[in-house]
Amino acid sequence: MEHLKDKGKDNENPTSEGRLAGKVAVVTGAGSGIGRAAAVLMSGQGARVVVADYDERGARETAELVAAAGGRALPVTVDVTDEGSVAAMVDAAVGEYGALHVLCNHVGGTDPRKDLDLLRMDMDEFGRAVDRNVRSTLWGARYAVPHMIRAGGGSIINTASVAALVGDVLQTSYGAVKAAVVSITKSIAVQYGPQSVRCNAIAPGAVMTPALERNLPTDVIESLKRGNALPYLGAPEDIGHAMVFLASDESRYLTGQLLVVDGGMTMQSSAAPGRRAMLPG
Ligand SMILES: NC(=O)c1ccc[n+]([C@@H]2O[C@H](COP(=O)([O-])OP(=O)(O)OC[C@H]3O[C@@H](n4cnc5c(N)ncnc54)[C@H](O)[C@@H]3O)[C@@H](O)[C@H]2O)c1
């Protein structure tokens, strides 16, 4: 949390200045990692934020970070797999701030111990993956869109993953549900573009969230690094900054797109790391 303490201090008066001045943003999964970074950075750019998470303490801590930097944040406890809970989250945002302009449908993921290859994957986990990644995205957008239309437009940002783009030896469900998130993003963009509601997705590559850092062995972290074109892995803020851009009017001509923020992982030929040694000098 220490590294985020100054991130919200980009402007002195967060509600009247900044790239997101006047906007109300809901970020799900804002109790830790990328969602927390996005909420703090959005507040630093003038947004009033709702930090939504089913981890009540995490949401409160994020709200405290925002407040300490002079911003406004409302912590809300939500289970994004539950329709009523998502509806209540959107109501809370509009009740507190009077409008809704930005929704980050950030919660997602699967249980890596159960989400294995085709023959060994747990099909119940596949169902949970659909709930956590797909249904949650649909519920969030369904409840947010009418408010965005009322506000004259809005921006929905869905968190996909590079797993939507490539095949892998495990996490069969994860790739499938993130591909569904990309597809839903395009449908929403087409359906509500005429009312100036934009919808884009971000595909993060390997991002060192606190949870990932704790759980991944050093050799796996090193092999992830070797897979990137850049010599480092992502930080939560790297995705947060991209979310700020998609939330802001700077991206007003951008909709239905997948922004891949992966350090060059998916565009790099698998032969490239080995072939570097063939270069002269
Ligand atoms: N970290 C990465 O390398 C990476 C890469 C690609 C995509 N992603 C995507 O980023 C998102 C996860 O973000 P993160 O990496 O910051 O993870 P994280 O584990 O740090 O944060 C996830 C947050 O979501 C909350 N959450 C989980 N289930 C919830 C639910 N049902 N309702 C409400 N809140 C819930 C958790 O309490 C937690 O605070 C997922 O969509 C994941 O697929 C992450």
Side-chain angles (χ1 to χ4, degrees), residues 1 4 26-41 50-63 65 75-90 92 103-112 115 125 127-137 139-140 157-166 168 171 173-182 184-185 201-216 220-221 224-225 227-228 232-240 242-243 258-263 265-266:
M1 198 153 109
L4 279 171
V26 171
V27 183
T28 72
S32 91
I34 298 168
R36 169 173 286 174
V40 170
L41 291 169
V50 169
V51 293
D53 204 292
Y54 70 10
D55 173 7
E56 197 181 334
R57 198 170 117 207
R60 219 176 31 232
E61 281 176 5
T62 304
L65 274 171
V76 167
T77 309
V78 67
D79 177 358
V80 297
T81 65
D82 179 274
E83 180 183 3
S85 185
V86 174
M89 170 188 78
V90 171
L103 169 68
C104 291
N105 279 317
H106 179 63
V107 171
T110 57
D111 181 341
D115 184 9
E125 177 58 18
R128 283 188 290 273
V130 171
D131 286 346
R132 202 175 306 130
N133 296 268
V134 183
R135 262 187 232 280
S136 62
T137 299
W139 291 140
I157 303 158
N158 296 326
T159 299
S161 164
V162 290
L165 303 174
V166 293
D168 209 339
Q171 290 204 289
S173 301
Y174 188 60
V177 294
K178 290 303 191 181
V181 168
V182 175
I184 288 166
T185 299
I202 292 189
V207 176
M208 293 313 290
T209 56
L212 216 71
E213 223 156 337
R214 268 197 312 276
N215 296 331
L216 280 188
V220 176
I221 292 178
L224 284 172
K225 247 189 238 174
N228 279 358
Y232 45 84
L233 296 177
E237 293 84 350
D238 293 319
I239 310 302
M243 288 178 168
L258 177 66
L259 186 56
V260 180
V261 187
D262 70 348
M265 179 202 275
T266 48

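Order of listing sets the numbers, starting from 1, for every ligand and every atom in it.
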Within reach of ligand 1, part of Pro210 (heavy-atom separation under 4.0 Å): neither
CA sep, side-chain torsions, deciding dist, call: Thr28, Met89, side chain to side chain contact (heavy atoms under 4.5 Å, CB included): CA-CA 9 Å; Thr28 72; Met89 170 188 78; 3.8 Å; yes
Test of proximity, Leu212 against ligand 1: N or O pairs below 3.5 Å: no
Proximal candidate to atom 21 (O) of ligand 1 [heavy atom criterion; set Ser136, Cys104, Ala160, Ser32]: Ser32
Identity and distance of the protein heavy atom lying nearest atom 15 (O) of ligand 1: Thr209 CG2, 3.2 Å
Atoms in ligand 1 with a heavy atom of Gly29 nearer than 4.0 Å: 23 (C), 24 (O)
Lys178 and ligand 1 - part of the residue with a heavy-atom distance under 4.0 Å: side chain
Numbering as shown, the atoms of ligand 1 that approach Gly33 to under 4.0 Å (heavy-atom distance): 16 (O), 20 (O)
Nearest neighbour in protein (non-hydrogen) for atom 33 (C) of ligand 1: Val78 O, 3.1 Å
N or O pair under 3.5 Å between His106 and ligand 1: yes
Of the listed options Ala52, Pro236, Ala206, Gly205, closest to atom 4 (C) of ligand 1 (non-hydrogen atoms): Gly205
Atom of Ala92, atom of Val76 and distance for their closest heavy-atom approach: CB-CG2, 4.0 Å
Residue list, side-chain hydrogen bond (donor to acceptor under 3.5 Å, both in side chains) with Asp115, at least two apart or on another chain: Thr110, Ser173
Ligand 1 contact on Val107 by region, counting heavy-atom pairs under 4.0 Å: both
Those atoms of ligand 1 less than 4.0 Å from some heavy atom in Thr159: 9 (C), 10 (O), 41 (O)
For atom 6 (C) of ligand 1, closest protein heavy-atom neighbour: Pro204 O, 3.3 Å
Verdict with supporting geometry, Val27 and Thr62, side chain to side chain contact (heavy atoms under 4.5 Å, CB included): CA-CA 11 Å; Val27 183; Thr62 304; over 6 Å; no
N or O pair under 3.5 Å between Asp79 and ligand 1: yes
Ligand 1 to Gly108 polar contact by distance, N or O atoms, under 3.5 Å: yes
Donor-acceptor under 3.5 Å (Ser136 side chain, Val80 main chain): no
Shortest protein contact, atom 32 (N) of ligand 1 (heavy atom only): Val80 N, 3.1 Å
N or O contact, Val207 vs ligand 1, cut-off under 3.5 Å: yes
Under 4.0 Å to a heavy atom of Asp55 - the qualifying atoms of ligand 1, by number: 37 (O)
pair Val78-Ser85: side-chain heavy atoms closer than 4.5 Å: yes
Contact atoms of ligand 1, heavy-atom distance to Tyr174 under 4.0 Å: 6 (C), 7 (C), 8 (N), 9 (C), 42 (C), 43 (O)
Check: Thr137/Asn158 side-chain N/O donor and acceptor closer than 3.5 Å: no
Contact summary for Ala179 and Ala164, nearest pair of heavy atoms: N-CB, 3.5 Å
Kindly list each side-chain donor-acceptor pair under 3.5 angstrom involving residues 127-135, sequence neighbours excluded, with atom names and distances?
{"residue": "Arg128", "atom": "NE", "partner": "Glu125", "partner atom": "OE1", "Å": "3.0"}
{"residue": "Arg128", "atom": "NH2", "partner": "Glu125", "partner atom": "OE1", "Å": "3.2"}
{"residue": "Asp131", "atom": "OD1", "partner": "Arg135", "partner atom": "NE", "Å": "2.7"}
{"residue": "Arg132", "atom": "NH1", "partner": "Gly109", "partner atom": "O", "Å": "2.8"}
{"residue": "Asn133", "atom": "OD1", "partner": "Gly109", "partner atom": "N", "Å": "2.8"}
{"residue": "Asn133", "atom": "OD1", "partner": "Lys178", "partner atom": "NZ", "Å": "3.1"}
{"residue": "Asn133", "atom": "ND2", "partner": "Gly109", "partner atom": "O", "Å": "3.0"}
{"residue": "Asn133", "atom": "ND2", "partner": "Ala129", "partner atom": "O", "Å": "2.9"}

Non-hydrogen side-chain atoms of Val181 and Thr159 separated by less than 4.5 Å: no
Closest non-hydrogen atom pair between Ala242 and Leu259, with its separation: CB-CD2, 4.1 Å
Inter-residue atom distance His106.NE2 - Ser32.OG, 0.5 Å rounding: 7.5 Å
Backbone or side-chain N or O of Asp53 under 3.5 Å from ligand 1 N or O: yes
Within-4.5 Å side-chain heavy-atom neighbours: Ile157 and Ile202: yes
Min heavy-atom dist Gly58 to ligand 1 below 4.0 Å: no
Closest approach of Arg36 to Gly31 (non-hydrogen atoms, all atoms of both residues): NH2-O, 3.0 Å
Identity and distance of the protein heavy atom lying nearest atom 44 (C) of ligand 1: Ile34 CD1, 4.0 Å
Any Ala37 heavy atom less than 4.0 Å from ligand 1: no
Closest approach of any protein heavy atom to atom 34 (N) of ligand 1, naming residue and atom: Tyr54 N, 3.2 Å
Check: Ser161 N/O within less than 3.5 Å of ligand 1 N/O: no
Stepwise side chain to side chain contact (heavy atoms under 4.5 Å, CB included) test for Asn105 and Leu103: CA-CA 6 Å; Asn105 279 317; Leu103 169 68; 3.5 Å; yes
